[in-house]
*Asks:* 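Below you will find the structure I want to go over with you.
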Protein chains: 2
Amino acid sequence: MKAEDKKFFEAKAAVLKALAHPTRLWMVEHLESGEKCVCEFAELIDADFSTVSKHLTVLKQAGIVQDDKRGKQVYYSLKVPCVLNFIHCVEAVLSARAKEHLSMTGLSDRPQNK
Amino acid sequence: MKAEDKKFFEAKAAVLKALAHPTRLWMVEHLESGEKCVCEFAELIDADFSTVSKHLTVLKQAGIVQDDKRGKQVYYSLKVPCVLNFIHCVEAVLSARAKEHLSMTGLSDRPQNK
DNA sequence: GAAACGCTTGGCAATATTGCCAAGCGAAAA
DNA sequence: TTTTCGCTTGGCAATATTGCCAAGCGTTTC
């Protein structure tokens with residue numbers, strides 16, 4: 001792998017890493033319906049204010065969300081909406097896995113090859 | 001957030017986490033052109049055989065790839081090809097970020113709002 | 001059978017991530 | 001100006017990830 005390519009893969013992995021956390025993923029999906037302030041997130045999940053803020057910072061650094069300070073509040077919004085599409089793909093991975101797991105445990109009604 | 005939802009987000013985050021590593025991302029993209037054996041990966045990147053094997057195990061556990069042992073070799077292939085689409089979205093995040101960075105450093109030829 | 005091959009697993013030290021508490025900080029309200 | 005509000009940052013301990021070496025294990029070749 002060339003050094004240049006390596007950098008590219010590191011950059012892409014960093015974006016994915018930002019999304020690879022339950023809370024952050026939840027935040028991103030939540031932003032589908034429009035911008036939210038930090039306090040809204042803090043209210044909805046049971047976590048310290050600082051924790052929420054740090055998660056949002058991670059998403060911001062990754063370039064996934066953007067912030068906008070208006071008055072007392074800071075509003076976060078999705079910067080690259082296509083991330084939502086690909087979360088659907090992740091769900092496809094999960095359902096493929098679930099189906100397989102069912103067939104392994106013999107709980108499925110899978111068709112037998114004779 | 002409901003406990004059931006929480007589980008769901010944890011599961012999705014786990015899939016993303018599996019992809020969130022430069023080497024594993026590289027492997028997944030490399031599998032676009034068809035199945036590869038462990039030795040091919042080990043040869044292409046400069047890493048221990050065991051390291052390669054462990055990365056592939058992570059991808060397998062996540063349900064992203066599948067393995068097939070034939071003769072001496074184990075062949076890995078993509079199980080859910082849609083992951084490739086969403087890597088393109090990650091690249092969109094990167095290019096959005098790059099563009100912005102250019103404009104911040106004044107190196108761009110961005111159109112000025114007057 | 002013995003040796004070689006291709007790969008996986010155990011173990012472990014180095015490193016990174018996470019989430020809480022406490023402290024800081026700018027804008028707005030008093 | 002002082003206080004409050006909304007949020008960010010520093011610090012830190014608990015936890016997870018990473019990648020190497022060494023050892024194990026099933027096939028195939030000799």
Side-chain angles (χ1 to χ4, degrees), chain A residues 1 3 6-7 9-28 30-31 34-77, chain B residues 1 3 6-7 9-28 30-31 34-77:
Chain A
M1 189 160 28
K6 200 181 165 197
K7 287 271 178 193
F9 280 100
E10 278 169 8
K12 286 191 276 188
V15 174
L16 286 166
K17 197 180 283 184
L19 286 168
H21 187 285
T23 302
R24 292 197 290 267
L25 200 53
W26 173 83
M27 286 170 159
V28 167
H30 217 68
L31 286 176
E35 61 175 20
K36 301 273 177 296
C37 69
V38 184
C39 55
E40 289 180 83
F41 285 126
E43 198 179 315
L44 285 165
I45 61 173
D46 188 28
D48 195 86
F49 223 89
S50 70
T51 301
V52 172
S53 180
K54 278 183 182 171
H55 278 309
L56 286 165
T57 301
V58 170
L59 288 171
K60 184 181 158 192
Q61 305 249 46
I64 297 164
V65 303
Q66 58 199 167
D67 61 346
D68 182 23
K69 190 164 194 170
R70 292 202 303 274
K72 279 187 187 176
Q73 277 128 320
V74 178
Y75 291 91
Y76 281 87
S77 57
Chain B
M1 187 158 32
K6 201 180 163 196
K7 287 273 178 190
F9 280 100
E10 278 168 7
K12 285 190 278 188
V15 173
L16 286 166
K17 197 179 285 183
L19 285 167
H21 188 286
T23 303
R24 292 196 291 267
L25 200 53
W26 173 82
M27 286 171 159
V28 168
H30 216 68
L31 286 176
E35 62 175 20
K36 301 274 177 296
C37 68
V38 183
C39 56
E40 288 179 82
F41 285 126
E43 197 179 315
L44 286 165
I45 61 174
D46 188 28
D48 194 87
F49 223 89
S50 69
T51 300
V52 172
S53 180
K54 278 183 181 171
H55 278 309
L56 286 166
T57 300
V58 170
L59 288 171
K60 185 181 157 191
Q61 306 249 43
I64 296 163
V65 303
Q66 57 199 165
D67 60 347
D68 182 22
K69 190 163 192 171
R70 293 202 302 276
K72 278 188 190 176
Q73 276 128 319
V74 178
Y75 291 91
Y76 281 87
S77 58

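Quick caveat, the model's predicted, so the values are computed rather than measured. Below, chain A is the first sequence line, B the second, and so on; all start at residue 1. We use all heavy atoms of the structure for the numbers below, so side chains are in, but hydrogens, waters and symmetry mates are not.
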*Asks:* Where is the tightest heavy-atom contact between B:V15 and B:A62, given as atom of each residue plus distance?
*Replies:* CG2-O, 3.9 Å
*Asks:* To check you understand the geometry: which heavy-atom pair defines the closest contact between A:A13 and B:P22, and what is its length?
*Replies:* CB-N, 3.4 Å
*Asks:* In degrees rounded to 10°, what angle is found between the helical axes fit to the five outermost pairs at each end of the helix from C:dG1-D:dC30 to C:dA30-D:dT1?
*Replies:* 20°
*Asks:* In residues 68-77 of chain A, what residues come within less than 4.0 Å of DNA chain D, judged by heavy atoms?
*Replies:* A:K72, A:Q73, A:V74, A:Y76
*Asks:* With respect to the phosphate group of C:dT8, does any side-chain polar atom (N or O) of B:S53 fall under 4.0 Å of OP1 or OP2?
*Replies:* yes
*Asks:* Mind checking the CG-CD1 spacing from B:L16 to B:I64? Nearest 0.5 Å is all I need.
*Replies:* 8.0 Å
*Asks:* Rounded to whole Å, please give me the gap between NZ in B:K17 and P in C:dT18.
*Replies:* 7 Å
*Asks:* Just the rounded figure in Å: distance from C1' of D:dT18 to CG of B:L25.
*Replies:* 16 Å
*Asks:* Does NZ or CZ of B:K6 lie under 6.0 Å from the centre of the six-membered ring of B:F9, at an angle within 45° of the ring axis?
*Replies:* no
*Asks:* Among the nucleotides D:dC20, D:dG11, C:dG19, which one has an atom lying closest to any side-chain atom of B:K54?
*Replies:* D:dC20
*Asks:* Please report the C-alpha distance between A:F41 and A:T51 in whole Å, then the side-chain angles of each, then the deciding distance to 0.1 Å, and finally whether the side chain to side chain contact (heavy atoms under 4.5 Å, CB included) criterion is met.
*Replies:* CA-CA 10 Å; A:F41 285 126; A:T51 301; over 6 Å; no
*Asks:* Does any donor-acceptor pair link the side chain of A:K36 with the base of D:dG6 at a separation under 3.5 Å?
*Replies:* no
*Asks:* Distance check needed: C:dG19 C1' versus A:F41 CZ, whole Å only.
*Replies:* 18 Å
*Asks:* Quick one: does A:E40's side chain have a donor or acceptor within less than 3.5 Å of a partner on A:C37's backbone?
*Replies:* yes
*Asks:* Do any N or O atoms from the side chain of A:Q61 and from the backbone of A:V58 form a donor-acceptor pair under 3.5 angstrom?
*Replies:* no
*Asks:* Check whether the side chain of B:S50 and the base of D:dC21 form a donor-acceptor pair under 3.5 Å.
*Replies:* yes
*Asks:* Whole angstroms only, please: what is the NE2-P distance between B:H21 and C:dT17?
*Replies:* 11 Å
*Asks:* Where do A:V28 and A:L19 land on the side chain to side chain contact (heavy atoms under 4.5 Å, CB included) test, with the steps shown first?
*Replies:* CA-CA 8 Å; A:V28 167; A:L19 286 168; 3.8 Å; yes
*Asks:* Applying ring-ring contact (aromatic ring centres under 6.0 Å, His included), which residue pairs with at least one partner in residues 51-76 of chain B are found, sequence neighbours left out?
*Replies:* B:H21-B:H55
*Asks:* CG of B:L16 versus P of D:dT17: gap in Å, rounded?
*Replies:* 14 Å
*Asks:* Figure out the CH2/P separation between B:W26 and D:dG19, and round it to whole Å.
*Replies:* 13 Å
*Asks:* Let me know the distance between NE2 of A:H55 and C1' of D:dT9, rounded to the nearest Å.
*Replies:* 15 Å
*Asks:* Starting at the 5' end of DNA chain D, which residue's closest nucleotide do you reach first, B:A47 or A:D48?
*Replies:* A:D48
*Asks:* Return the value, rounded to whole Å, for the distance between atom CG of A:D67 and atom C1' of D:dT9.
*Replies:* 15 Å
